[in-house]
Amino acid sequence: MIKMICCSSVCLFSFVSSVPPTIVKLKEPERRHDTCIEFTVRGSPHPTLRWFYKEKEISHTEYVRPDMDIYQDYVEGCLTFKNPTHHNNGNYTLEASNYLGVATNTVYGHFLDKPFDVTPTAETHKPEEDTFGVSIAVGLAGFACVMLVVLFLLINKYGRHSKFGLKGPVAVISGEEDSASPLHHVNHGIISPCTLDAGSDAVVIGMTRIPVIENPQYFRHGHNCNKPTTYVQHIKRRDIILKRELGEGAFGKVFLAECYNLSPTKDKMLVAVKTLKDPTLAARKDFQREAELLTNLQHEHIVKFYGVCVDGDPLIMVFEYMKHGDLNKFLRAHGPDAMILVDGQPLQTNGELGLSQMLHIASQIAAGMIYLASQHFVHRDLATRNCLVGNGLLVKIGDFGMSRDIYSTDYYRVGGHTMLPIRWMPPESIMYRKFTTESDVWSFGVILWEIFTYGKQPWFQLANNEVIECITQGRVLERPRLCPKEVYDIMLGCWQREPQQRLNIKDIQKMLFTLMKATPVYLDILG
Ligand code: AMP
């Protein structure tokens with residue numbers, strides 16, 4: 001065969017012999033990290049390549065497509081996958097053909113494990129072992145089912161304690177009297193028959209045992225560590241005058257109140273008070289721990305805690321009043337669909353938030369998080385519902401473990417009682433209950449997404465078990481319609497699978513500041 005090779009303006013004619021195709025390389029993707037099957041094929045003329053999966057030819061889509069570079073007598077490249085999951089695992093056959101012949105080769109692509117599959121050895125069984133294996137598996141499964149039912153009944157009978165003695169089933173870690181973890185939430189409306197507690201330090205989702213670890217921050221202060229005891233300010237009951245109800249969490253009702261003698265400069269001031277009725281002894285202890293923790297956390301972007309009122313019932317915590325309530329509600333009220341209703345009739349919109357306001361909100365939460373990280377405090381439940389909005393778009397992180405039931409669908413019940421905000425959690429927190437400053441950064445990425453969708457629920461189109469599958473398989477939320485690429489890049493930086501590869505919260509804040517300075521450039525995007 002004669003081939004023309006051109007270099008600058010000089011062209012040489014060279015003889016390239018005709019060669020049948022050979023597949024010189026077909027590389028298994030590296031588990032978890034690769035999204036590509038690498039190949040090199042020789043042959044002249046250049047072979048035509050076709051890929052097969054489960055005996056069907058792969059048609060090229062956004063999700064699977066070949067990328068290749070063509071050289072003089074070989075072709076190399078990748079069969080590239082977008083966000084592959086365990087559904088993509090399997091044999092991939094490459095067929096290379098030219099008029100001289102056909103070459104095929106097959107490789108096993110293992111991208112991700114099936115979530116919660118603890119029996120990955122099945123593929124390596126010899127066929128004759130299978131019947132025996134299946135019998136044992138069926139026997140064990142039957143035994144496990146009986147045990148599950150017994151445990152489930154026991155937990156239902158003995159396991160349901162009310163954290164604050166307020167209203168029915170409130171989250172506690174299985175086998176423990178009560179818990180102070182911020183991840184334990186009221187379990188209204190979520191029933192998960194395939195989950196149950198697995199001892200005092202674990203829960204089971206499907207086949208996976210997930211350890212339950214108390215938030216250690218709750219034990220850092222007070223009597224059982226080397227730090228000096230925290231003195232929580234006590235406020236007299238007669239100094240608190242309730243005005244109206246603001247909301248309700250599992251902790252109890254939240255009221256707007258006037259508080260006297262709180263500030264040396266003001267006779268009285270507006271505050272938000274959280275009430276806890278008829279507490280059990282354990283709930284009192286939680287309350288005390290919570291108060292100590294809140295006393296120690298002081299920053300301009302953390303809601304101000306003034307003190308407690310414990311003379312009589314209910315127990316009360318006194319916070320600064322944040323006029324616009326929680327950030328999630330605020331975002332929804334300032335989104336494109338929000339209307340002010342007068343006598344049930346839509347009257348006008350509240351005014352949509354613009355990009356610079358969104359960035360301002362996000363940078364304030366980042367500031368609060370930088371402070372928390374400096375205190376080595378891992379929040380574990382960062383979400384817009386746990387931030388508060390005050391005058392002049394002042395935003396603060398405002399909830400440190402007091403559960404809510406108005407947002408109960410944001411939580412996933414994994415044990416009889418444990419509720420997890422899975423939609424805000426990274427894979428390592430879902431799978432191993434590993435909570436770190438880096439897992440808080442992941443949640444910050446989700447907060448950014450919430451801000452740019454005006455308060456939508458992350459993965460709103462999916463059920464909880466599907467969300468778990470998506471996150472553990474490496475899928476991430478899509479770019480919101482109104483979100484500039486630069487902001488989505490920050491989200492993606494928060495959602496790196498490896499915690500060490502995630503952006504650092506200080507860098508995130510710098511990036512947000514830079515974007516805020518350049519905001520006019522982006523205004524038309526939001527237009
Ligand atoms: P929580 O018990 O923290 O879940 O609060 C329940 C609701 O009370 C929230 O959704 C807020 O709307 C409101 N709330 C809580 N704390 C404050 C506060 N400091 N200022 C104003 N509203 C608050």
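One-based numbering along the sequence shown. Indexing begins at 1, ligand by ligand and atom by atom, following the structure's order.
Considering backbone and side-chain atoms together, E320 places an N or O closer than 3.5 Å to an N or O of ligand 1.
In summary, the atoms of ligand 1 found under 4.0 Å from a heavy atom of Y321, numbered by their order in the structure, are 20 (N), 21 (C). Heavy-atom proximity to L246, at under 4.0 Å, picks out these atoms of ligand 1: 21 (C), 22 (N).
Not a single heavy atom of H324 sits under 4.0 Å from any atom of ligand 1.
Note that K243 lies outside the cation-pi zone of F255, set by a 6.0 Å cut-off to the ring centre and a 45° limit from the axis. Seen from the ring of W442, R497 does not count as a face-on cation partner, given the 6.0 Å and 45° thresholds.
Neither the backbone nor the side chain of L256 comes within contact range of ligand 1; no heavy atom lies under 4.0 Å.
Using a distance-only test at 3.5 Å, with no hydrogens or angles considered, a donor-acceptor pair links the side chain of R332 to the main chain of G455.
Residue pairs that meet the salt bridge (charged side-chain N to carboxylate O under 4.0 Å, His left out) test with at least one member in residues 435-450, sequence neighbours left out, do not exist here.
The option from V254, V303, D326, N328 that lies nearest to atom 10 (O) of ligand 1, judged by heavy atoms, is D326. Residue nearest to atom 20 (N) of ligand 1, selected from K329, M322, K253, K274: M322 (by heavy-atom distance).
Note on ring orientation: taking the six-membered ring where Trp is involved, the planes of H299 and H301 are tilted (angle from 30° to 60°).
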Item to complete: Give the C-alpha distance, both sets of side-chain angles, the deciding distance and a yes or no for salt bridge (Lys or Arg N to Asp or Glu O under 4.0 Å) between D326 and R385.
Response: CA-CA 6 Å; D326 74 74; R385 64 179 171 277; over 6 Å; no

